[in-house]
Protein chains: 2
Amino acid sequence: MAVKYKEIAECLERDIRDGKFDRAKKLPTEEELINNFKVSRNTIRKAINQLVNRGYVYQVQGSGMFLREKSVTDYINLGSLRGLTKDLTSKIIETKILELHVLDADEVIAKQLRCEVGAKLYYIKRLRIVDKEPFSIEISYFKKDIVPYLNEDIASNSIYSYLIEDLKLTIGFADKVINCEKIGEANARLLHVEPLDPALIIENTVCLTNGTIFELSKSVFHYQKAKILNRINFK
Amino acid sequence: MAVKYKEIAECLERDIRDGKFDRAKKLPTEEELINNFKVSRNTIRKAINQLVNRGYVYQVQGSGMFLREKSVTDYINLGSLRGLTKDLTSKIIETKILELHVLDADEVIAKQLRCEVGAKLYYIKRLRIVDKEPFSIEISYFKKDIVPYLNEDIASNSIYSYLIEDLKLTIGFADKVINCEKIGEANARLLHVEPLDPALIIENTVCLTNGTIFELSKSVFHYQKAKILNRINFK
DNA sequence: AAGTGGTCTAGACCACCGT
DNA sequence: CGGTGGTCTAGACCACTTC
């Protein structure tokens, strides 16, 4: 990460998390940050923009930059795709692999992944367990030509860390569709709820920076345990 | 709107919606846009940034700027707060006011709105009807010192248009919490579903640009009719 | 009036994609 | 290699808040 504005953003994000600005509820002025980090104003503003987009701070013209109310730690953060492990930091997260194998794309999946019917895919079904209780069921399809290898060990931890740090994939953007349904029998058993109870669903289509879709996933959440948080800005 | 980059962004957004780039699936290069609009590169890049954040396009270094797959029109867009009317453009939206009056903040609401207990609030309960069928129930609280006047007529249309265009409020950011529950009897009747059926819930806390909370709302959606879309970028 | 963020310009150099 | 985005700088002027 040789990029200045990202380094500054990370540095400030760490400071915010560490409560460094909690007294004042205010960040240093742009002027001060420019002097601290010895960069141009644009670079500082780009860094701050990241913090704004991530929901850490808001800016008031003529007044300053302020901390946003802390978000409770137990929400699934829609805006990040860092995964449960990073979202629910105060919890114990465990993962049980229910299925993991390579299969051929059928017509439905091929259309959604925008690939050939018959293309090789990794299929993974996982049960996520939070504080010893079942939390969600996640079904994922990865294009094998982009993710050539996966195993139980990787899938038991953060798949995304593996994709980014080991495979060096550059993840670009995603579409998330949220809705809710009556849960089916099999899933109900896994989540320890009754059949026909509500279930919160997130369907996720994820692309590399070059626009290629590489993953499709569907997560079914325990309706009493899962809450999704999204922070939005209008500028 | 005398701001160049916003004007350019709106212009390009219109062009995209009108399908102007559908053939190429590609936008003009920055160079070309600079010449078209006669502005500096930074200004063009700021405009494009808006399009990226709104999920219209993605950029590939060394290659160009491309259209993202069109999002289906029938989703609730989490990233905008333009309201149902603007999200579900292909639908007929009607609104029935169930309640509208001024009340005093109780302790729970006061804490959430960060105001005094007893502060005057507008309380509004609305039934939203899409294509002649009940779609959602929305309960909103507005601080009366910020929104001094509301009536059935305003609440029957887009409250946000009124706040922005008439009251000149500058909306800054919002926290949205999504979850799902078993629906209660009263709401079930209103939405034409069975009691204990699932319900998709969005709780919304909205702030002005200066950080003041001015609205709290809770929307209960018909579980079979509502789908939420969120487009995310990682940069 | 002073302080602080918002917009805009002009120009330089780097990094990546495709031919 | 040429084309295209990505990062960075330096400086000017404007708009809003605060006192």
Side-chain angles (χ1 to χ4, degrees), chain A residues 1-10 12 21 24-53 56-68 168-173 207-212 233-235, chain B residues 1-10 12 21 24-53 56-68 168-173 207-212 233-235:
Chain A
M1 165 120 49
V3 182
K4 286 189 192 176
Y5 79 89
K6 287 187 181 171
E7 273 175 354
I8 294 170
E10 284 206 359
L12 291 172
F21 309 119
K25 289 206 165 210
K26 204 174 178 218
L27 264 64
T29 64
E30 294 185 351
E31 184 72 23
E32 290 174 289
L33 293 174
I34 288 167
N35 294 327
N36 291 351
F37 289 103
K38 308 276 178 229
V39 294
S40 76
R41 188 164 171 225
N42 269 341
T43 302
I44 285 294
R45 285 181 61 78
K46 246 182 132 177
I48 291 164
N49 222 355
Q50 299 234 330
L51 301 179
V52 171
N53 288 332
Y56 287 106
V57 305
Y58 62 95
Q59 295 167 287
V60 183
Q61 185 171 13
S63 179
M65 302 184 281
F66 304 86
L67 293 187
R68 272 176 81 167
K168 309 286 179 204
L169 294 187
T170 54
I171 294 162
F173 51 93
C207 301
L208 301 179
T209 46
N210 69 11
T212 322
N233 291 282
F234 310 99
K235 331 187 42 172
Chain B
M1 166 123 46
V3 181
K4 286 189 192 176
Y5 80 90
K6 287 186 182 170
E7 274 175 353
I8 294 169
E10 283 206 2
L12 291 173
F21 309 119
K25 289 204 165 211
K26 202 173 180 219
L27 263 64
T29 64
E30 294 185 350
E31 184 73 22
E32 290 174 291
L33 293 174
I34 288 168
N35 294 327
N36 291 350
F37 289 102
K38 309 277 179 227
V39 294
S40 75
R41 187 162 172 228
N42 270 342
T43 301
I44 284 296
R45 286 181 61 78
K46 248 182 130 176
I48 291 164
N49 223 354
Q50 299 234 331
L51 301 178
V52 171
N53 289 332
Y56 287 106
V57 305
Y58 62 95
Q59 295 167 289
V60 183
Q61 185 171 14
S63 178
M65 301 184 281
F66 303 86
L67 294 187
R68 270 175 82 166
K168 308 287 181 203
L169 293 189
T170 54
I171 293 161
F173 51 94
C207 301
L208 301 179
T209 45
N210 68 11
T212 322
N233 290 283
F234 310 98
K235 329 185 49 168

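In what follows, every chain begins at residue 1, and chains take the letters A, B, ... in the order their sequences are listed.
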J.: Strictly below 4.0 Å, heavy-atom distances to any atom of DNA chain D: list the hits from residues 42-52 of chain B, or just say none.
T.: B/N42, B/R45
J.: Are any of the side-chain heavy atoms of A/K38 and A/T43 separated by less than 4.5 Å?
T.: no
J.: Could you work out, with side-chain hydrogen bond (donor to acceptor under 3.5 Å, both in side chains) as the rule, every residue matching A/N36, not counting sequence neighbours?
T.: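 Not a single residue meets the side-chain hydrogen bond (donor to acceptor under 3.5 Å, both in side chains) criterion with A/N36.
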J.: Please give me the minimum heavy-atom distance between A/L27 and A/L51, naming the atom from each residue.
T.: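 The answer is CD2-CD1, 4.3 Å.
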J.: Using the test ring pair (Phe, Tyr, Trp, His ring centres under 6.0 Å), find all partners of B/F173 that sit at least two apart in sequence or belong to another chain.
T.: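 B/F173 satisfies ring pair (Phe, Tyr, Trp, His ring centres under 6.0 Å) with A/Y58 only.
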J.: Specify the residue among B/T29 and A/Y5 whose closest nucleotide of DNA chain D lies further upstream toward the 5′ end.
T.: B/T29
J.: Who are the side chain to side chain contact (heavy atoms under 4.5 Å, CB included) partners of A/T209, not counting sequence neighbours?
T.: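 Checked A/T209 against side chain to side chain contact (heavy atoms under 4.5 Å, CB included); matches are A/T170.
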J.: Please write out the pairs of protein N or O atoms and N or O atoms of nucleotides 17-19 of chain D separated by less than 3.5 Å, giving the distance to one decimal.
T.:
{"residue": "D/dT17", "atom": "O4'", "partner": "A/G62", "partner atom": "O", "Å": "3.4"}

J.: Given atom CD of B/E32 and atom P of D/dT4, what is their separation to the nearest angstrom?
T.: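 Answer to the nearest Å: 7 Å.
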J.: Side chains of B/N42 and A/N42: closer than 4.5 Å at any heavy-atom pair?
T.: yes
J.: Does any part of the side chain of A/K6, heavy atoms only, come nearer than 4.5 Å to the side chain of B/K235, both counted from C-beta?
T.: no
J.: Would you compute the distance between atom CD of B/E7 and atom CG of B/L12 and round it to the nearest 0.5 angstrom?
T.: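 It comes to 12.0 Å.
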J.: Could you list where the contact with chain B starts and ends along DNA chain C, reading 5' to 3', using a 4.0 Å heavy-atom cut-off?
T.: C/dT7 to C/dC17
J.: Could you go through A/K26 and A/F66, starting from their C-alpha distance and side-chain angles, then the distance that decides it, and tell me whether this counts as side-chain contact (heavy atoms from CB on, under 4.5 Å)?
T.: CA-CA 4 Å; A/K26 204 174 178 218; A/F66 304 86; 3.8 Å; yes
J.: Report yes if the side chains of B/V57 and B/R68 come closer than 4.5 Å at any heavy-atom pair, otherwise no.
T.: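 Counting from C-beta outward, B/V57 and B/R68 never come under 4.5 Å.
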